[in-house]
Amino acid sequence: MTERNRYPGYDVLAKRHSLSWNDATRKVMDARLGVPREPRFLRQMEWDTLVAICERIIPQPQNRPPIPLAAYIDQKLQNDARNGFRNAALPPQREAWKKGLAAFEAEACLRYEHSFHNLKERQQDELLHRAETGQSDASVWSGMDASLFFSEHVMSDIIAAYYAHPTSWNEIGFGGPAGPRGYVRMQNGRRDPWEPVEAGPGDETRVRRENQRVR
Amino acid sequence: MSDDPLITPRAVHGRAPDVFHPGGWVPMKEYPLREPVDFVVIGTGAGGGPLIARLAEYGYSVIGFDAGPYFRPLEDFASDEASQSQLFWTDERLVDGANPLKMGANNSGRAVGGSTVHYAMVSLRFRPEWFRSRTLLGYGTDWPLDWREMWRYYVQAERDLSIAGPVSYPWGPKRPRYPYRAHEINGAAEVLARGAEAMGYKWAETPLATVSAPRGDSPSCVYRGFCRVGCSTNAKQSQLVTYIPRALAAGAEIRDLAMVGRIEVDAAGRACGVHYHRNGAWHFQAARNVIVAGYAIETPRLLLNSATDRFRDGLANSSGLVGRYLMTQSNQAVYGVMDEMVRWNKGPPSLTITEHWNYDDRKDFHGGYCWMAQGPLPVEWSAAMSGSRKLWGARLREKMADYNHQVGLKMVGEMLPHPDNRVSLANEKDRYGLPVARVTYSWHDNDKAMIQHALGEMQRSLELVGAKDIWRQENDTNHLAGTARMGNDRKSSVVNADCRSWDIPNLWICDGSVFPTTGGVNPSLTITAIALRTADRIQMLQQTGQLNF
């Protein structure tokens, strides 16, 4: 996948030792970047399905290391870190994820006679879309509301994990951690020197040089 | 011993954290368990915080309990959305109804200081007529409080919290100028101002509880923009850095990581103390008065969980109204994209406001609403783009790349009270073995009419400033209120104007759950004003022999 890089050369991690980061921030970011890449809560089969789902919910570019989304979901389940509420129609999140992953796998086998992670992207999207719109095969979802599972867990957990990662901040030009230094220039169109520059058509080289100086 | 504030209590051994100095401590009085204290206050947020401070300053012995940790913001708070969810109440709650609420970030807190540790600091007064909305405006129910008296307590709260706001506020009766000058507005806030002017509406800098100049050990706000996941500089005037230090200095004790599971009632039917879980075991603290300040979910949950043979339906519940008339506020938004770079995450998220539709009654629904500028951080923004706009896949990443050009207007709207919107107990138990709350919520026709009106208005405002790719976030709600409403008689309310329960004379409820209606502004300043009044009333009642202990 090739796509225009809006903030070429910008790396929020280059600010790690600047006044925009404090010790607490460095500690949590180190932990985030060091997430275990192997499943601890999910079994291999569930993990394979989850990895494939993550790749469809947030397809990532090939030219940088991917954000290990499945690892964050597994970590969340391993720690049983909850969101503070649960739709009464859904089971607790560990059970919901296990049921949901099993259902996607079962539906893949039923419909295409292959494991979910071996399906073509188009087929995977089709199954995800069916779940999203409540058209899944109810027999494989063992009573769980597929559409609710899709919005409350598949979308919400995976997308939150992606935008909690510094790599995603580089691509949207988010300044990232900002304490204790904060910001000075508040008006539209004004940039603090520790914020990234956005590239327009044709000025990528100049902008890249500027962004490499952002600290 | 661990220094993880989520695992080991910090307010012990006669000292509590000095939140202004890394590694520092301040002395703290400690009370014995068996000796009844004058007041136990359960919850240390917008209601509990000022109560603990004022009651201690009046010379009463007071212990403030909080289920959450005692944070040191300068050391514990990262500039990070995901990890700072440590400030939210993330224990399970079940949600159902036609419009199940989303709990957590917007409407809960679990820390000394409560949700004021992570709120957006918006500090607004109610429109005076809302205290008599049934009589004057024809909806909801009248409060037992007089707006002129509330106006005096708003002044006190605004001083205590060093509110930064405009020199003259354009709506409602005259009020004194705010203690601190208004903050400079950011690009996103300027878009609100231009849109309002194009519509012929007034706008103002939002009165905020973060200082625009140093105050004591609090430095000026540095516009980090992480306000809603905790202020790591102490510019934010949360209860944790205002009333709680005052309370300690006046001789109150704070018990952090102390979950109150049950209020004990004696043979005479009076509250006599609380059972709480701390350091892995249950303890009992004796008290002459118990004040519940746990907000609209935990307050009714505790009252219901404290049922006895004598009070089978829970404490203070002879009216049957504990848990009922839960209200949230509609929090719909309209977003758009500007050509220029806005960088909406800089500074507090809601720097400008228009209260136009709180004060203009020419509309075909009851209640009012305001809207404010927005500046969500990436995780929150992606949740809106996925949860409300239903984007995923490549299209989500593409739209997220507009982050720095994004602007938005978000309403805070008055939902009307309905008895079927409620908090009850579920069969499931939490980690303490206590039944969890079930939160049932459905929007009614008036709520829906207001939301449509507001979405149309906010969309027009964004169109007038030239925003593109405009879309409506139709499903968000935020602050809570109700579930232990105050009133003038014991049949139709749980507490009286003094936040004193009708059924048990030494049991008090003082937080957002006493609101009979919720108004079209953020509730925290009103909660604090009521708490300040309650402290004064308690002293007055005792001095005049109407409260004996």
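Treat the numbers as computed from the prediction; the structure is a model and nothing was measured. Just so we're on the same page: letters track the sequence lines, and every chain starts at 1. Basis for what follows: all heavy atoms, side chains included, without hydrogens, waters or symmetry-related copies.
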Participant: With a 4.5 angstrom heavy-atom cut-off, could you sort out which part of A:Arg82 is near chain B: side chain, backbone, both or neither?
Facilitator: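 Answer is both: backbone and side chain atoms of A:Arg82 are under 4.5 Å from chain B.
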Participant: Checking A:Arg86 side chain against B:Arg93 main chain: does a donor-acceptor pair fall under 3.5 Å?
Facilitator: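 Answer holds: no.
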Participant: Between A:Leu90, A:Asp192, A:Ile172, who has the most heavy-atom pairs with chain B when the cutoff is under 4.5 Å?
Facilitator: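 If we count pairs closer than 4.5 Å to chain B, A:Ile172 comes out on top.
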Participant: At a 4.5 Å cut-off on heavy atoms, which part of B:Arg438 comes close to chain A: side chain, backbone, both, or neither?
Facilitator: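 Answer is side chain: those atoms of B:Arg438 sit under 4.5 Å from chain A.
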Participant: How far does CG of B:Leu377 sit from CH2 of A:Trp169, to the nearest 0.5 angstrom?
Facilitator: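 B:Leu377 atom CG to A:Trp169 atom CH2 measures 9.0 Å (nearest 0.5 Å).
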Participant: Kindly indicate whether the side chain of B:His405, heavy atoms from C-beta on, has any atom under 4.5 Å from the side chain of A:Glu198.
Facilitator: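 When only atoms from C-beta onward are counted, A:Glu198 and B:His405 do touch, with a gap below 4.5 Å.
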Participant: Surrounding CG of B:Asn427 (heavy atoms of other residues, nucleotides or ligands, distance under 6.0 Å), is the total greater than 12?
Facilitator: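 Result for CG/B:Asn427: open.
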Participant: Answer yes or no: is there an ion pair linking B:Glu340 with A:Arg190, defined by an N-O contact shorter than 4.0 Å?
Facilitator: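 The answer is no: the pair does not qualify as a salt bridge.
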Participant: Can you measure from CZ (B:Arg224) to OH (A:Tyr183) and round to the nearest 0.5 angstrom?
Facilitator: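 Reported value, rounded in 0.5 Å steps: 9.5 Å.
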Participant: If I measure from the heavy atoms of chain B, does A:Glu152 come under 4.5 Å with its side chain, its backbone, both, or neither?
Facilitator: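 The answer is the side chain of A:Glu152.
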Participant: Taking the side chain as every heavy atom from C-beta outward, state whether A:Phe174 and B:Asn345 have any pair of such atoms under 4.5 Å apart.
Facilitator: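 Result yes, sub-4.5 Å side-chain heavy-atom pair found.
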Participant: Got more than 12 heavy atoms from elsewhere within 6.0 Å of CZ, A:Arg40?
Facilitator: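 Atom CZ in A:Arg40 is packed in, count exceeds 12.
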Participant: Once salt bridge (Lys or Arg N to Asp or Glu O under 4.0 Å) is applied, do any residues pair with A:Glu171, and if so which ones, sequence neighbours excluded?
Facilitator: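 For A:Glu171 the salt bridge (Lys or Arg N to Asp or Glu O under 4.0 Å) partners, ignoring immediate neighbours, are A:Arg64, B:Arg397.
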Participant: Could you tell me which residues in residues 27-35 of chain A have at least one non-hydrogen atom under 4.5 Å from a non-hydrogen atom of chain B, sorted by residue number?
Facilitator: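 Only A:Val28, A:Met29, A:Arg32 of residues 27-35 of chain A have a heavy atom under 4.5 Å from chain B.
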Participant: Tell me, out of B:Val379, B:Val95, B:Val439, who's got the most heavy-atom pairs with chain A below 4.5 Å.
Facilitator: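 Answer, by heavy-atom pair count under 4.5 Å with chain A: B:Val95.
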Participant: Roughly how far apart are A:Asp23 CG and B:Leu74 CG, rounded to 0.5 Å?
Facilitator: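 If we round to the nearest 0.5 Å, A:Asp23:CG and B:Leu74:CG are 12.0 Å apart.
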Participant: What residue in B:Ala105, B:Gly104, B:Ser83, B:Gly97 has the most heavy-atom pairs under 4.5 Å with chain A?
Facilitator: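 Most pairs with chain A among the choices: B:Ser83.
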Participant: Has A:Thr25 got a side-chain atom pairing as donor or acceptor with B:Ser79's backbone, closer than 3.5 angstrom?
Facilitator: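 Pair found, side chain donor or acceptor close to backbone of B:Ser79.
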Participant: Which pair of heavy atoms, one from A:Gly179 and one from B:Ser232, lies closest together, and at what distance?
Facilitator: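 Taking every non-hydrogen atom into account, CA-OG, 4.4 Å.
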Participant: B:Glu190 versus A:Gln187: any side-chain heavy-atom pair under 4.5 Å?
Facilitator: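 Answer no - side chains too far apart.
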Participant: For A:Pro180, is there any backbone N or O sitting under 3.5 Å from a side-chain donor or acceptor partner on B:Thr233?
Facilitator: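 Absent.
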Participant: Could you tell me whether the side chain of B:Lys346 reaches within less than 4.5 Å of the side chain of A:Glu195, counting heavy atoms only?
Facilitator: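 A:Glu195 reaches B:Lys346 side chain to side chain.
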Participant: At a 4.5 Å cut-off on heavy atoms, which part of A:Trp21 comes close to chain B: side chain, backbone, both, or neither?
Facilitator: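 Neither part, no heavy atoms under 4.5 Å.
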Participant: Report yes if the side chains of B:Leu396 and A:Ile58 come closer than 4.5 Å at any heavy-atom pair, otherwise no.
Facilitator: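 B:Leu396 vs A:Ile58: side chains touch.
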Participant: Given heavy-atom pairs under 4.5 angstrom as the criterion, report whether the side chain, backbone, both or neither of B:Leu351 touches chain A.
Facilitator: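 For B:Leu351, the contact with chain A is made by the side chain alone.
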Participant: Hey, does B:Asp96 have a side-chain heavy atom less than 4.5 Å from the side chain of A:Asn87?
Facilitator: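 In short, these two side chains do not touch, never coming nearer than 4.5 Å.
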Participant: Checking B:Asp80 side chain against A:Gly176 main chain: does a donor-acceptor pair fall under 3.5 Å?
Facilitator: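 Side chain of B:Asp80 to backbone of A:Gly176, a donor-acceptor pair under 3.5 Å: no, none is there.
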Participant: Should the pair A:Glu132-B:Lys390 be classified as a salt bridge under the 4.0 Å nitrogen-to-oxygen rule?
Facilitator: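 Looking at B:Lys390 together with A:Glu132, the answer is no, because their closest N to O distance does not fall below 4.0 Å.
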Participant: Could you report the tightest heavy-atom contact between B:Met341 and A:Tyr7, atom names first, then the distance?
Facilitator: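 Shortest heavy-atom contact: CE-OH, 3.7 Å.
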Participant: Considering only heavy atoms, give the residues of residues 202-212 of chain A separated from chain B by less than 4.5 Å, sorted numerically, with 'none' for an empty result.
Facilitator: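 Result: none.
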Participant: Can you tell which part of B:Gln84 gets under 4.5 Å to a heavy atom of chain A, answering side chain, backbone, both or neither?
Facilitator: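 B:Gln84 has no heavy atom closer than 4.5 Å to chain A.
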Participant: To the nearest 0.5 Å, what is the distance between OG (B:Ser382) and CD1 (A:Ile159)?
Facilitator: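 The CD1 atom of A:Ile159 is 6.5 Å from OG of B:Ser382, to the nearest 0.5 Å.
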Participant: Can you find a pair of side-chain heavy atoms, one from A:Arg6 and one from B:Asp402, that are under 4.5 Å apart?
Facilitator: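 Yes, their side chains come closer than 4.5 Å.
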Participant: If we define contacts as heavy-atom pairs under 4.5 Å, which of A:Ala164, A:Pro196, A:Pro177, A:Ser20 has the most with chain B?
Facilitator: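 Ranked by contacts with chain B, first place is A:Pro177.
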Participant: Ring centres of A:Phe150 and B:Trp392 under 6.0 Å apart?
Facilitator: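 Yes; B:Trp392 has its ring centre under 6.0 Å from that of A:Phe150.
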Participant: Does any heavy atom of chain B fall under 4.5 Å from the side chain of A:Asn22, the backbone, both, or neither of them?
Facilitator: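 The answer is the side chain of A:Asn22.
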Participant: Determine whether a donor-acceptor pair (N or O, by modelled atom type, separation under 3.5 Å) exists between the side chain of B:Asn404 and the backbone of A:Gly173.
Facilitator: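 Judged by distance alone, yes, a pair lies under 3.5 Å.
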Participant: Considering only heavy atoms and a distance below 4.5 Å, find which of B:Trp344, B:Phe88, B:Phe226, B:Trp89 pairs most often with chain A.
Facilitator: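 So the answer, after comparing B:Trp344, B:Phe88, B:Phe226, B:Trp89, is B:Phe226.
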Participant: With rounding to the nearest 0.5 angstrom, report the OH to CD distance, A:Tyr163 to B:Glu81.
Facilitator: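 Going from the OH atom of A:Tyr163 to the CD atom of B:Glu81 covers 12.5 Å.
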Participant: Quick one: list whatever passes salt bridge (Lys or Arg N to Asp or Glu O under 4.0 Å) with A:Glu121, sequence neighbours left out.
Facilitator: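 So A:Glu121 forms a salt bridge (Lys or Arg N to Asp or Glu O under 4.0 Å) with A:Arg56.
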